[in-house]
Amino acid sequence: MLDFRGRFDDARAARREAGDLLTELAASGERKSWSCILAWWRILLGLSGRVHEQGQLGEAELPFGSDTLGWSPGLWAAYVDGRAGLEAAAAVLGPPARTDPGNHLAELITMHRRLTIRSVFYWERRTHLILEPLRPLFDEGVALARRLAETDDNAGRALLARALTDRSTLLVAGKRYAQARDDFLEATGLRG
């Protein structure tokens, strides 16, 4: 968010602080309560999804960055039920060919990320073992972004950094701190 507001020094400082925390967690384990880490992860993921999800159900109804437990049952159901439409749309797009110039792949990455975010909100109410159902979605997002980064330096690197940051937040929630740190540091390196 700081980068988008032109506060680049603050953004770099925040990334350094997050990287230091992940390094500490990877070396010594959890230092904060589980609920604090889960809330941090939920907020980061929600905020990171704002650009692509804003306005899907109406701006006033979709408070990204807030706890979904406060959403009405109807709003929550409508939001997570949107996964089926995204899955169908992704199937229509189909897997991008290796010769794809990048536009198709970028669209698929955006759609996949929206599906992943909605899946997070779905699974967070069903199990505390979130890595098992969600890790494949985050891994696929990183794989798609890596493919785009091979063909499109600037946009591909930005999408790969975002996908790695997203997966890092999942790994924090799953208490996989060393893996989270590795993803976060790679994402930070891509951002410069």
Side-chain angles (χ1 to χ4, degrees), residues 1-6 11 15 41-66 68 71 75-124 130-171 173 180 182-184 186-192:
M1 299 290 290
L2 294 170
D3 281 329
F4 292 122
R5 293 196 171 118
R15 285 192 292 271
W41 172 72
R42 189 180 297 137
I43 288 168
L44 285 176
L45 188 60
L47 288 174
S48 67
R50 186 175 186 88
V51 172
H52 296 292
E53 292 289 348
Q54 184 174 351
Q56 293 297 312
L57 295 175
E59 179 63 29
E61 297 176 284
L62 201 56
F64 276 109
S66 65
T68 60
W71 289 9
L75 175 62
W76 185 86
Y79 186 71
V80 299
D81 289 348
R83 293 175 305 134
L86 289 169
E87 288 171 343
V92 168
L93 278 176
R98 281 288 174 188
T99 59
D100 182 67
N103 290 335
H104 176 81
L105 187 53
E107 184 179 354
L108 186 59
I109 289 168
T110 298
M111 191 174 305
H112 181 79
R113 186 161 190 268
R114 291 176 59 207
L115 171 63
T116 301
I117 291 168
R118 288 173 188 239
S119 296
V120 165
F121 290 133
Y122 174 80
W123 282 106
E124 76 178 354
I130 59 172
L131 281 180
E132 185 177 326
L134 293 174
R135 179 74 188 258
L137 285 168
F138 283 83
D139 289 346
E140 179 66 15
V142 169
L144 288 169
R146 281 195 196 286
R147 285 188 54 198
L148 183 60
E150 292 172 1
T151 63
D152 183 345
D153 284 341
N154 294 327
R157 287 170 55 98
L159 289 173
L160 179 55
R162 186 175 67 190
L164 287 163
T165 300
D166 289 348
R167 188 170 67 181
S168 177
T169 59
L170 172 73
L171 293 167
D182 293 345
D183 275 359
F184 186 78
E186 183 179 352
T188 301
L190 289 167
R191 287 186 177 106

Least distance between heavy atoms, [X] atom then [Y] atom:
X    : Y    : value
A163 : V142 : O-CG2, 3.7 Å
I130 : A173 : CD1-CB, 3.5 Å
L190 : A161 : CD1-N, 3.8 Å
A180 : S168 : O-OG, 2.9 Å
R15  : T188 : CD-OG1, 4.0 Å

Any chance you could measure [X], atom [atom1], to [Y], atom [atom2], to the nearest 0.5 Å?
X    : Y    : atom1 : atom2 : answer
D81  : W76  : CG    : CH2   : 8.0 Å
T110 : R162 : OG1   : CZ    : 6.0 Å
R191 : L160 : CZ    : CG    : 9.5 Å
M111 : E87  : CE    : CD    : 11.5 Å
L144 : I109 : CG    : CD1   : 5.5 Å
E107 : L148 : CD    : CG    : 12.5 Å

Q.
Side chains of L86 and H112, heavy atoms from C-beta outward: is any pair under 4.5 Å?
A. no
Next item on the list: Start with the C-alpha distance between E150 and L105, add both sets of side-chain angles, then the distance that settles side chain to side chain contact (heavy atoms under 4.5 Å, CB included), and finish with yes or no.
Entry: CA-CA 11 Å; E150 292 172 1; L105 187 53; over 6 Å; no
Is it true that the NZ or CZ of R118 lies under 6.0 Å from the centre of Y79's six-membered ring and within 45 degrees of the ring axis? yes
Requested in this report: Taking only Lys NZ, Arg NE, NH1 and NH2, and the carboxylate oxygens of Asp or Glu, determine whether R146 and E186 approach each other closer than 4.0 Å.
Outcome: yes
Side chain to side chain contact (heavy atoms under 4.5 Å, CB included) with T116: of D166, L170, L137, only one passes, and it is L137
